[in-house]
Amino acid sequence: MTKNNTTNKGAEKLFDSIGKLFGIYFNISYYGIKKFNLKSLKVWFNLLFFLVVMFTFTYNYDFLVILNKIMPNIFTVSVLTFFVKAPWIAYFSSFSIFGILLSIPLFGLEEYKRIKAYQKDFDFLSIKAGNGSPPKVIRVVEVDDFKTKVILKSEGIGIDRYKTKTNDLTAALGQIVEEIRSCNNPKYIEFSLTKKSLPKQVSYYEIEKEEAKPYSFSIGESLGGYLYQDISTLPHMLIAGTTGGGKSVFFKQTLVSLLKSSNNLQLYLLDLKKGVEMRPFENLPNTKVIKTEKDAVATLKNIRDEMDRRFKYLEKKKLKEIDPVRDKMDKIIIGIDEASVLYTKSKNNSKNKLINEARELTEELSKLSRAAGIHLILATQKVTKETIDTKVQENIGGRVCFRMNTLQGSMTVLGNKMALTLPDIKGRAIWARGNKFTQIQAPFLSEDELEEELSILKNELVSKERKFHGPMISTDVLKTNMDDEITDLEKNDSSGASRSPE
Ligand SMILES: Nc1ncnc2c1ncn2[C@@H]1O[C@H](COP(=O)(O)OP(=O)(O)OP(=O)(O)O)[C@@H](O)[C@H]1O
Ligand SMILES: [Mg+2]
């Protein structure tokens, strides 16, 4: 009984697989047949050539012997005898039919593979009709080296659904969507795509917006155009990638971009590689560069206290979040380059105490600080729970991931292999926001350009042409007089903020 059952199941599976194989065969052959254009002389020439070759082979006894050697189970001696005895016409036509049946799919294979690849890209977008059925790629026509037309059978999914997802389509297909239009039969939709590769380098100045929104910064050039991001809505960002990919350059351009787009900013830059990368920022009156673990922890603690103070203020004023202009409090950006240096535990016990504190403070800040106008930007080569706490990772809204050398590295930052398959181009990265992944060429700002921008910013800040409220938070004293300030705030029932502008 059991044996019978097993045999039945085995047979069922076998039939199933054979059925599937036939399905694929007919599918590919269908594309192959469609490729035949009987009006084309080339097709007739190829067919004639094929028949001549078949004739030469089949009229040759040695060929049968070879077939017997290759496939002895099919071309058995009795089959061979049948062929030898059969009249030449039967002999020739059976081989021709066999040859044609085998070669037709070869013509359709390319098209089949192309359709499958596009189908995968469209599936990635998870667009489905009300009944749950996804759109189906029907045809792919390569117009020329750059242009492709894709025809989609899209029952129950209107054209507008695709139009609102043009950016996602561009990212998924790796091509620019030039046009989306309905075909004569409204069930079908035609996409005109064009391949344009990203430039290998794009200058910071090419992307920079003249009149950028406050608190926004440049992300880079994507196939769909230049991208910008408002830090208020992120609210925290991670920059990852192997050494030399462009993390520090991106980190610095982000800061310059933010500084240029916004008033009322305070920057606290933790650079435990002795402040080498962040040195150019040191002269700005609204920026502090922190170089040691001890000062880093002190700064984080003081910013945490500032966060508490801001929450008390919000509660008292029944407000949802800090508005730097209304509340006369600056947005605070905590930037940490080489974040793993601050968070990775060592064998040294006293150092570990600091590291634990830094980890706890960062978690606290990442969880709550958005409403208080406090944002984190972390850059690191490796992202593991040892380098960046999982809870901090969960609170990060945007990730810029430069090339990664390992699948695991790419998986931990993006949850997919996109950073592993990036071309080896400096500044090439994936910008990930929620479930959306976009390949970008990051803005390049040279050291000289950086120095120049910072000297202009310094002059503007000193002359108060560019404003910030201040005062700056202490970076080297663990205890502050924040508690007194909070009490003052509670006592002071008058309107406006407790802090006076600098
Ligand atoms: N967006 C960019 N476009 C072109 N070249 C870039 C870009 N970003 C970085 N580079 C080049 O790559 C070099 C290394 O960049 P960067 O110092 O930012 O790398 P990193 O990822 O911070 O490396 P590490 O992990 O070693 O600190 C730069 O000196 C610059 O020449
Ligand atoms: Mg670096």
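Every number for a ligand or one of its atoms is a count from 1 in the order of the listing.
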Between the protein and ligand 1, which nitrogen or oxygen pairs come in under 3.5 Å, and how far apart is each?
residue: ligand 1; atom: 1 (N); partner: Ala442; partner atom: O; Å: 3.1
residue: ligand 1; atom: 18 (O); partner: Lys247; partner atom: N; Å: 3.4
residue: ligand 1; atom: 18 (O); partner: Ser248; partner atom: N; Å: 3.1
residue: ligand 1; atom: 18 (O); partner: Val249; partner atom: N; Å: 2.9
residue: ligand 1; atom: 19 (O); partner: Gly246; partner atom: N; Å: 3.3
residue: ligand 1; atom: 21 (O); partner: Gly245; partner atom: N; Å: 3.3
residue: ligand 1; atom: 21 (O); partner: Gly246; partner atom: N; Å: 3.1
residue: ligand 1; atom: 21 (O); partner: Lys247; partner atom: N; Å: 2.9
residue: ligand 1; atom: 21 (O); partner: Lys247; partner atom: NZ; Å: 2.9
residue: ligand 1; atom: 22 (O); partner: Ser248; partner atom: N; Å: 2.9
residue: ligand 1; atom: 22 (O); partner: Ser248; partner atom: OG; Å: 2.9
residue: ligand 1; atom: 23 (O); partner: Gly244; partner atom: N; Å: 2.8
residue: ligand 1; atom: 25 (O); partner: Lys247; partner atom: NZ; Å: 2.7
residue: ligand 1; atom: 25 (O); partner: Gln381; partner atom: NE2; Å: 3.2
residue: ligand 1; atom: 26 (O); partner: Thr243; partner atom: OG1; Å: 2.6
residue: ligand 1; atom: 27 (O); partner: Glu338; partner atom: OE2; Å: 3.3

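- From Leu227, atom CG reaches atom CH2 of Trp431 across 8.5 Å, with rounding to the nearest 0.5 Å.
- Residues Tyr226 and Lys209 form no side-chain contact, since every pair of their non-hydrogen atoms from C-beta on lies 4.5 Å or further apart.
- A donor atom on one side chain and an acceptor atom on the other are found under 3.5 Å apart for Thr362 and Tyr343.
- Taking 4.5 Å as the limit, every side-chain heavy atom of Val177 sits out of range of all side-chain heavy atoms of Tyr162.
- Using a cut-off of 2.8 Å, one finds that Ser248 contributes an N/O/S atom close to the Mg ion (ligand 2).
- Counted by atom type alone, Ser216 and Asp230 present zero donor-acceptor pairs between their side chains at under 3.5 Å.
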Item to complete: Tell me, with the steps shown, if Tyr118 and Phe191 meet ring pair (Phe, Tyr, Trp, His ring centres under 6.0 Å).
Response: CA-CA 11 Å; Tyr118 276 99; Phe191 294 78; 9.7 Å; no
